[in-house]
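Written below as structure tokens is the structure these notes are about.
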2 protein chains.
Amino acid sequence: MATAGQLLIGEAIRTLDGRFRLSLPLELAGPLVADGARLVLAKERAGCLSLWSAAVWRPRLDAALDVLRSKLQAGLLAQRVGEVQQAGRLLSARHAALSLAGRERLVVPEGFRAFLGVEPGGDVVVVGAAVCVELWHPKAWQEVLTADMPDFRRRLDALTG
Amino acid sequence: MATAGQLLIGEAIRTLDGRFRLSLPLELAGPLVADGARLVLAKERAGCLSLWSAAVWRPRLDAALDVLRSKLQAGLLAQRVGEVQQAGRLLSARHAALSLAGRERLVVPEGFRAFLGVEPGGDVVVVGAAVCVELWHPKAWQEVLTADMPDFRRRLDALTG
DNA sequence: TCCCGCCGTGGGTTCAAACCCCATTGAGCT
DNA sequence: AGCTCAATGGGGTTTGAACCCACGGCGGGA
């Protein structure tokens, strides 16, 4: 399976330039674009965006959309319009397709800038997260590190044990 | 069934002009007017309006009204006059019929402007919400994204599982 | 120590889409 | 019938994204 053969690992600090461009370190960009240049940027939580190979992201999303579409047509969700509306709202805003320009550089799209919360000229922490690459607001990154690192050994053991 | 065949998905930022006109992106306007040009604008919450195909909105509204009417006639709500009064009041102000002008442009009606909270010249976030199109005040939109996005996967699973 | 190549950053240009202003049209009212 | 107001559609202008190139800093090698 694509990208499964290569874990995305690495950490780097990059600056977001005046036009919201961000260059990825080669060690992360290389494996990411290995299976096709098409990428998907997704909102994870405030202060964190994730970058996926489209080959990984697309099938998962399309499957969910197909199920949702067919259920709607069958009228199965007539009593849950509010939930469908909310899920649809998030589906629209959650991801955007993009590709890397020269120098392994990407442009953070309009709707994702406020969510990331980094102003032009500010720093972004680029982190490999095994299956994707994450872009963190430095402050949010510090908070996650502080909160999660003490349990790291236990989490890893749970996965490898 | 109308509009069920096409999920409304997409996100865009547009500006409200001096006459409270707003142009929709083609990708959202197309599917929305696919089954008839008649639309309904509804108040969702402060900072958010939703735009529905009349073919979808009408049946839902009529159904609710029918239930309310029959319960009233049966005297089932005699002890809850206050609630009925409040519901009736909101039913009156909740929605307005409208249609798109050229260039996929709509006019936000008088009573809806303060509810949306965007002044002329300000930005509006236009979001596809599967069954309707939503118009958001940028600030309210950010708050919803921050609050709801972390639970996205669970919510989607609840609908498609 | 000096040279050279690579990587990260900023800037200029081109091109397309979206926004704003304005002229024209149509309807409604006096 | 004439006037007034509002809506509509066209065109110019501006904004933003994609592409290309230039500078600086760092590291490796000679």
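Protein chains get the first letters and strands the later ones, always in sequence-line order, with residue 1 at the start of each. All of these numbers come straight from a predicted model, not from anything done at the bench.
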Please tell me if the side chains of A/L24 and A/V126 come closer than 4.5 Å, counting only heavy atoms from C-beta onward. yes
Can you measure A/L106 atom CG to D/dC19 atom P for me and round it to whole angstrom units? 13 Å
Let's go through B/S23 and B/R103 carefully: what are the C-alpha distance in whole Å and the side-chain angles of both, what is the deciding distance for side chain to side chain donor-acceptor pair (under 3.5 Å) to 0.1 Å, and is it a yes or a no? CA-CA 7 Å; B/S23 70; B/R103 266 181 238 177; over 6 Å; no
Could you give the CG-to-P distance, from A/L16 to C/dG8, as a whole number of Å? 15 Å
Rounded interatomic separation in angstrom, taking CG from A/D17 and C1' from C/dG8: 11 Å
If I take atom CZ in residue B/R21 and atom C1' in nucleotide C/dC22, what distance separates them, rounded to the nearest angstrom? 11 Å
For C/dC19, does either OP1 or OP2 sit under 4.0 Å from a side-chain N or O belonging to B/S23? yes
So, taking the atom named CG in B/L51 and the one named NE2 in B/H95, what distance separates them when rounded to the nearest 0.5 Å? 13.0 Å
Rounded interatomic separation in angstrom, taking CG from B/L98 and P from D/dT8: 11 Å
Under 4.5 Å between side-chain heavy atoms, hopping through other hydrophobics if needed: is there a path connecting B/F115 to B/L106? yes
Between P of D/dA17 and CZ of A/R113, the distance in whole Å: 5 Å
Look at the side chain of B/R105 and the base of D/dG10, then say whether one donor and one acceptor between them are separated by less than 3.5 Å. no
May I ask you to evaluate whether A/T15 reaches the phosphate of C/dT9, defined as a side-chain N or O under 4.0 Å from OP1 or OP2? yes
Determine: side-chain N/O of A/R103 to OP1/OP2 of C/dT9, distance under 4.0 Å, yes or no. no
Is there, by distance only and without an angle test, a donor paired with an acceptor across the side chain of A/R19 and the base of D/dG16 below 3.5 Å? no
How close or far is atom P of C/dG5 from atom CG of A/L26, stated in whole angstroms? 18 Å
Let me confirm one number: the CD-CD distance from A/E44 to A/E134, rounded to the nearest 0.5 Å. 6.0 Å
Atom CZ of B/F20 to atom C1' of C/dC19: distance rounded to whole Å? 17 Å
Hey, which of these two, B/G121 or A/P25, hits DNA chain C nearer its 5' end, going by closest nucleotide? A/P25
Check every strand shown and say whether B/A101 touches a base, only sugar-phosphate, or nothing at a heavy-atom separation below 4.0 Å. sugar-phosphate
